[in-house]
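Everything numeric in this text was worked out from a predicted model, so none of it was measured. Both counts, for ligands and for their atoms, begin at 1 and track the order of listing.
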Amino acid sequence: MTDDLHALHAAAVVIAARSGLDSHDAALVLGSGLSRYASTLPDSIEIPYADIPGFPLPRVAGHRASLFSVPIEGRRLLVLSGRVHAYEGWEMSEVVFAIRAAISTGARQVMLTNAAGGVKDTFAPGDLVIISDHLNLTGRSPLTGQNDDRLGPRFPDMSEVYSRNLRERFAQVFTNLGITPHEGVYAWFPGPSYETPAEVEMAKRLGADLVGMSTVPEAIAARHMGAQVVAVSLITNLAAGISDTPLSHHEVTDMAERSISRFTSVLDRVLPILVEHD
Ligand code: HPA
């Protein structure tokens, strides 16, 4: 972990040099289908992941691999366009490296986005859901191994992973935009196969409202470092067994494509909240 700290520092130094800014206020991780959003933000400075030491390069089509430094109402946001997933074979430390680097540049609030399968009866494809809590069903953690107390505590509290304050403020934005502010518990599955109907039924009985293959490791690492976290999922499909139709990656990307303008209008309104701090 000592090496991690040096690696994070090296990444933060490059981000500072290329953006011309010693620090950033917040970070946004763009999930499947959303990566184009970064290039719609005016006056952003793009830094390819390939130019930042330690940044793993995504291997999934549809995930662009760049970081953007973006001015928002006098503050600075880092947008991570493209993430790596545990199912690609990365170490957990690699899965969370980019978000840890963003927090190392000063980001105190983190927003995570993803595509997810709907489990709760009232969720439909196209719905946006604010994650209220999670179930880690993978048995993996980005905190496994020796702890570096300079990054965070050995046993970090997880009683409010997803900031109640940010969730409430985001829900208000949804309502103002005429979008139902759904909330739900996200169950992290390892993938890359979609879940079986029995696994989805199990997750449902355990309290899951939606299922996916990302987000939880980043949320844990961000909380470990003391950042505030908020996460929004796009329901791209009903989870296996909730609907009878077989799942396909195409269905997921197609729904992401069709929902991008609604997700974008939400992002435009929540980012000023995300970059705020005392
Ligand atoms: N399961 C897991 N991950 C997903 C799904 C799903 O149904 N939809 C989008 N990402």
Check your understanding: Counting heavy atoms only, which part of Ala240 comes closer than 4.0 Å to ligand 1: side chain, backbone, both or neither?
Key ->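 It is neither; nothing of Ala240 touches ligand 1.
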
Practice item. Measure Leu247 to ligand 1 on non-hydrogen atoms and call it side chain, backbone, both or neither using the 4.0 Å cut-off. Key: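 Side chain only.
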
Check your understanding: Any Lys/Arg nitrogen of Arg154 or Asp148 sitting under 4.0 Å from an Asp/Glu carboxylate oxygen of the other?
Key ->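 Result for this pair is no, no salt bridge flagged.
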
Nearest-contact summary for [atom] - protein heavy atom, Å:
atom: atom 3 (N) of ligand 1; result: Gly212 CA, 3.4 Å
atom: atom 10 (N) of ligand 1; result: Ala115 O, 3.3 Å
atom: atom 9 (C) of ligand 1; result: Thr236 OG1, 3.4 Å
atom: atom 5 (C) of ligand 1; result: Gly117 N, 3.4 Å

Review point. Is there a side-chain contact between Asn165 and Arg169 (heavy atoms, below 4.5 Å)?
Key: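 Heavy-atom side-chain distance check passes, below 4.5 Å.
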
Review point. Tell me, do Val185 and Leu135 make a side-chain contact under 4.5 Å, heavy atoms counted?
Key: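 Yes - at least one pair of side-chain heavy atoms lies under 4.5 Å apart.
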
Review point. Hey, is ligand 1 close enough to Asn237 that some N/O pair sits below 3.5 Å?
Key: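 Yes.
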
**Study point:** Check: His134 ring centre within less than 6.0 Å of Tyr162 ring centre
**Key:**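 Yes, the ring centres sit under 6.0 Å apart.
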
Review point. Would you say Tyr194 contacts ligand 1, with heavy atoms under 4.0 Å as the rule?
Key: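 Within the 4.0 Å threshold, so yes.
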
**Study point:** Atoms in ligand 1 with a heavy atom of Glu195 nearer than 4.0 Å
**Key:**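 This gives 1 (N), 2 (C), 6 (C), 7 (O) as the contact atoms.
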
